[in-house]
Amino acid sequence: MSYLDASPTPFHAAATAAARLVDEGGFEIVTEHEPFPTSHGRYAVLRDGALVAWVQPEGAARHTPWRIIGAHTDSPTFQVKPHPDVVKAGWQLLGVEPYGPPIYNSWLDRDLGLAGRVVVRDPAGPGGMRVELFDDRRALLRLAQLAIHLDRGVNERGLQLNPQQHLVPLWGVGDAAASFTAYLGEQVGAAEGDILGFDVSLRDTQPAALLGRDGDLLASPRLDNLASCHAAVEALLAAAVVDGGDRTACRPAIVLFDHEEVGSRSERGAASPLLGSILERAAGGDREDYWRALAGSVVASADMAHATHPNYVEMAEPAHQVRMHGGPVLKVHRELRYASDGRGIAALRLAAEQADVPLQVFVSRSDLPCGTTIGPITAGQLGVTTVDVGAPMLSMHSARELTGVPDQQAYAALLAAFLRPA
Ligand code: ZN
């Protein structure tokens, strides 16, 4: 829950995960423009909203296969537009646009804050700039609903929202525009004229909470896919502890990509050379060792899965219903929207046996389209066996999603076993 609350944007999610690996696992942050370590140790590379971390176990070779967990740090939200200052009907508004996409109605009438990254002029910094993160958890903004008296029939007809017209949050009263860059300057301690660029999004201010009669459900923003990032970090920390001895058959790694929700095409998305380049450099730049390692490697693409919704049971494939508290979920799709095939599925089943956790299976109805993950993209980039797995949840892409506490624990245990096959 503290990870979810501290990670309102991909930048925060990657930095928070890296800090945990350093503090609790003794990982060393490696800078990409410096020579890479290839000796025994625990390493992490942070590239803006993405993170790669790996263990080079004592006694393992540079061609030792990898076990890699991949997840993504970005979540559906609304991003602030480049020229966001809007005034209308005596209101100060902030121009935003959907990212992801979010379920629009779930963001209405909530107390919203702002978080993100600001790039500030700094002659002493690399490239004449420096990067500042900020997280403003005050209730600043609201996407206000239209009163039902002005929209009779909305409950029968369903809510129609045009993102350009209806999804512009208010954040003040007045006829003069509120300056967003002045606000950013206050947040990061810089003059307005020194704000050179920003990546800022809305964040729900309500913290993660336990829910349900027995308190065994978890309600939070960004479970898709920070729950998987968290499970991946937990798994890597657990794998790092058993470093050494005879467990040198494979090397554990995690990769947390950005931009999955918008297609993964960026310098830090799954379609980038990020992961491959780091694995190659971890092999000391030896191409032969790099390919030898990949030949025996397996990737677990960790992303959340749809639990069967009690009020929409007909949306689930009848023979593949997914229960909350039923444990982690293997995801399979005939057209490779998920990357799982027999070999990857077998590797995951062995990990589930090792961790002693149950494994459910999700297959979408044959007459419904299916979401996708970084799994097929990573498989296509690296040429490595890949299997898709997640934890069951409801309300995916809502401002406030729902998963199960025991499912999250079993998910982390499964991924830890996957990283360290017995
Ligand atoms: Zn996702």
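Atoms within a ligand are numbered from 1 in the order they appear, just like the ligands themselves. Values below: every heavy atom of this structure, side chains too, minus hydrogens, waters and symmetry copies. Just so it is clear, the structure is predicted and the values come from calculations on it, not from any experiment.
- For a distance bound of 2.8 Å, the N, O or S atoms of E261 include none lying that close to the Zn ion (ligand 1).
- When NE2 of H72 and OD1 of D224 are joined through the Zn ion (ligand 1), the resulting angle is 100° to the nearest 10°.
- Atom CD1 of I195 is separated from atom OG1 of T181 by 7.0 Å, given to the nearest 0.5 angstrom.
- Comment: D151 engages R157 in a salt bridge, judged by a side-chain N to carboxylate O separation of less than 4.0 angstrom.
- Atom-to-atom distance recorded for D48:CG and D199:CG is 8.5 Å, nearest 0.5 angstrom.
- With salt bridges taken as basic N to acidic carboxylate O contacts below 4.0 Å, none links D289 and R62.
- Look at E260 and the Zn ion (ligand 1): no N/O/S atom of the residue is under 2.8 Å from the metal.
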